[in-house]
Amino acid sequence: MTDRRGRVLVLIALIALFAFFVGLLWGSAPLSWVAVLKALVAPSDDVTGQIVWQLRAPRVAAAFACGGLLALAGALLQVLLRNPLADPYVLGVSGGAAVGALGAMLLGLAGVAINVAALAGAMAAIGIVFVVSYRAADWNVYRLLLTGVMLSAGFGAVISLLLSLAPSAAVKGMLFWLMGDLSQAEGVLAAWIVLILASFVALALAGALNVLSLGHTKAATLGVAVGPLQLVVYFGASLVTATALMVGGAIGFVGLVIPHGIRLLGITDYRYLVPGAVLAGGGFLVVADTLARVLWAPQQLPVGVLTALLGVPVMLVLLSRRL
Amino acid sequence: MLEARALTLEVPGRVLCRDLAFAVKPGECWGILGNNGSGKTTLVQALGGLRTPASGGVSLEGRSIEDFGRRELARRMGVLLQEEAHGFWGNVMEYVLLGRHPHARTVFGWMPEDKEAALAALERLDLAGIAYRSLNTLSGGERQRVRIAQLLAQAPEFLLLDEPLQHLDLRHQLEAMELLRELAAGEGKALVMVLHETLWAGHYCDHLVLLHDGGRAVSGPAADLFTHASLEALYGCALAEVGGGGLRHFVPTPERRVYSG
């Protein structure tokens with residue numbers, strides 16, 4: 001059993017690496033794979049080097065970090081909320097960020113200001129959900145989930161209001177933010193730092209997360225300090241989600257489905273599930289974003305549309321294979 | 001030694017037991033008997049440090065249970081819960097291995113002795129053949145035995161079992177009780193279990209806690225408490241004693257008895 005899980009993990013890592021390379025290879029300017037490899041091994045200042053290192057590599061790196069963050073947040077929230085339908089956005093973090101970002105756009109702000117506003121919105125959502133639902137003695141995950149869902153519904157209404165108030169020229173940019181879009185990706189380095197740190201924390205907690213999936217009382221009898229673990233997972237997953245939102249907007253589907261995809265491959269142990277989800281989520285989003293760049297070139301599609309269009313058939317195949 | 005000191009347990013609007021005191025020593029097997037809602041599960045949770053009593057306390061080896069860290073406590077005391085949340089996606093072996101969590105020394109993977117303990121526990125419950133089946137595909141009785149196996153893998157000195165026999169067929173009830181007796185008599189563990197069947201309580205428990213409706217609780221040697229009169233008072237219905245093969249068993253009888261002659 002252990003062997004098989006290790007092999008699956010290595011396979012996922014290889015596929016993610018391959019996706020990375022394809023992301024560098026494909027684009028509006030045709031490059032041969034030899035030229036891309038050369039540019040990778042020996043960076044130079046010619047056109048190929050510039051396309052690979054300055055245009056495509058940051059974009060691919062952003063997509064990978066974003067996908068990894070979303071899949072990690074989804075896996076964490078699914079065990080925290082004891083709900084297979086949980087995704088990174090279920091607790092209203094994306095709604096808060098969207099209200100912040102769209103509000104900033106409506107006020108005519110651009111660039112970093114939008115990100116700052118989105119971050120403020122996300123933090124507000126994280127704070128409100130926590131304050132309303134938290135009880136020190138017994139943090140009921142259903143109250144937490146319902147609080148998040150309610151807040152999301154409220155944010156959804158505000159988002160609709162902002163869209164209807166916005167001048168039509170601004171609406172397209174807003175829709176791209178809402179659907180998820182990596183063409184304006186910023187803060188890629190910060191996203192990678194968060195991804196690596198959060199992955200290590202999640203790996204260190206993986207044993208306790210496995211026990212937590214048995215329920216709070218059972219986890220307590222098996223030596224898990226449930227309250228502190230829940231706090232770490234809630235704030236960790238929220239921070240991870242907020243980071244992904246800063247980079248790529250509200251890209252859907254990755255966070256919900258990638259962890260389940262890994263489970264359907266037979267990996268349920270969080271020691272394997274965490275690295276598997278991070279690698280698969282990152283690789284998956286790189287592929288989706290590359291297609292978003294090249295399918296309609298030179299037009300760019302919002303990547304959030306492609307994650308769903310690609311992911312739904314893959315998940316349906318995996319589901320029918322198992323059941 | 002696991003000690004309840006002047007333990008008073010309450011749920012909103014009701015006192016379940018008042019000033020209950022008893023001490024469970026290694027090698028002893030205690031049974032908790034009482035009607036539905038009399039506080040059996042609440043008592044198990046209080047003994048396991050999962051619920052704060054209204055007053056009084058629980059101590060393990062003379063030290064208040066609240067002073068133990070969760071992990072430290074879990075190495076010494078294991079709890080078989082009556083109900084467990086669903087949501088575990090893995091197989092039987094992975095589930096039983098989680099019993100080793102309080103003993104885990106590294107963040108990554110299990111040590112060989114963890115795997116040995118899990119395998120031995122599975123074999124003891126005759127489950128080695130389904131070790132790699134998904135937990136979700138098991139029947140209720142199989143799942144109950146898997147949960148007992150997890151408790152064995154945890155290897156605590158003090159075991160609290162809330163209805164260990166639920167969902168088990170007659171043969172597996174017997175095998176489970178024989179196994180639990182072996183744990184107490186043969187391996188010197190201390191057991192406290194919630195039971196409904198007087199047959200098992202009478203034959204396997206050396207001490208009893210009787211939780212009467214209304215908050216009165218009695219504890220002591222089974223020889224004193226396992227009597228026709230005290231059980232009728234406990235359950236609030238007429239009982240008939242049936243016996244044979246040296247076993248005493250009480251079955252409920254309808255109040256309207258038919259007297260001939």
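Here is the naming used below: chain letters follow the sequence lines, and residue numbers restart at 1 for every chain.
Between A:Gly255 and A:Asp87, the shortest heavy-atom distance links the atoms C-CB, 4.4 Å. The two atoms that bring A:Ala244 and A:Cys66 nearest to each other are O-SG, 3.4 Å, heavy atoms only.
In this structure, chain A has a heavy atom under 4.5 Å from the backbone of B:Met77, while its side chain stays farther away. Looking at A:Ala206, neither its backbone nor its side chain comes within 4.5 Å of chain B, counting heavy atoms on both sides. Only the side chain of B:Leu50 comes within contact range of chain A, with heavy atoms under 4.5 Å apart. Contact of B:Tyr95 with chain A is made through the side chain alone, with heavy-atom distances under 4.5 Å. With a threshold of 4.5 angstrom between heavy atoms, A:Thr268 approaches chain B through side-chain atoms but not through N, CA, C or O.
Among the residues in residues 133-159 of chain B, those with a non-hydrogen atom closer than 4.5 angstrom to a non-hydrogen atom of chain A are B:Gln150, B:Gln154.
Chain A forms the most heavy-atom pairs under 4.5 Å with one residue out of B:Gly69, B:Gly90, B:Gly49, and that residue is B:Gly90. Among the candidates B:Gly78, B:Ala74, B:Gly48, B:Gly99, the residue making the largest number of heavy-atom pairs closer than 4.5 Å to chain A is B:Ala74. Looking only at heavy-atom pairs under 4.5 Å with chain B, the residue among A:Ile267, A:Val224, A:Asp269 that has the most is A:Val224.
Residues B:Thr41 and B:Val194 have side chains not in contact (no heavy-atom distance under 4.5 Å, counting atoms from C-beta outward).
Using a cutoff of 4.0 Å between basic side-chain nitrogens and carboxylate oxygens, B:Glu94 and A:Arg271 are not scored as salt-bridged.
Contacts of A:Arg135 classified as salt bridge (charged side-chain N to carboxylate O under 4.0 Å, His left out), with partners at least two apart in sequence or in another chain: none.
For A:Tyr270 and B:Trp89, the ring centers are positioned 6.0 Å apart or more.
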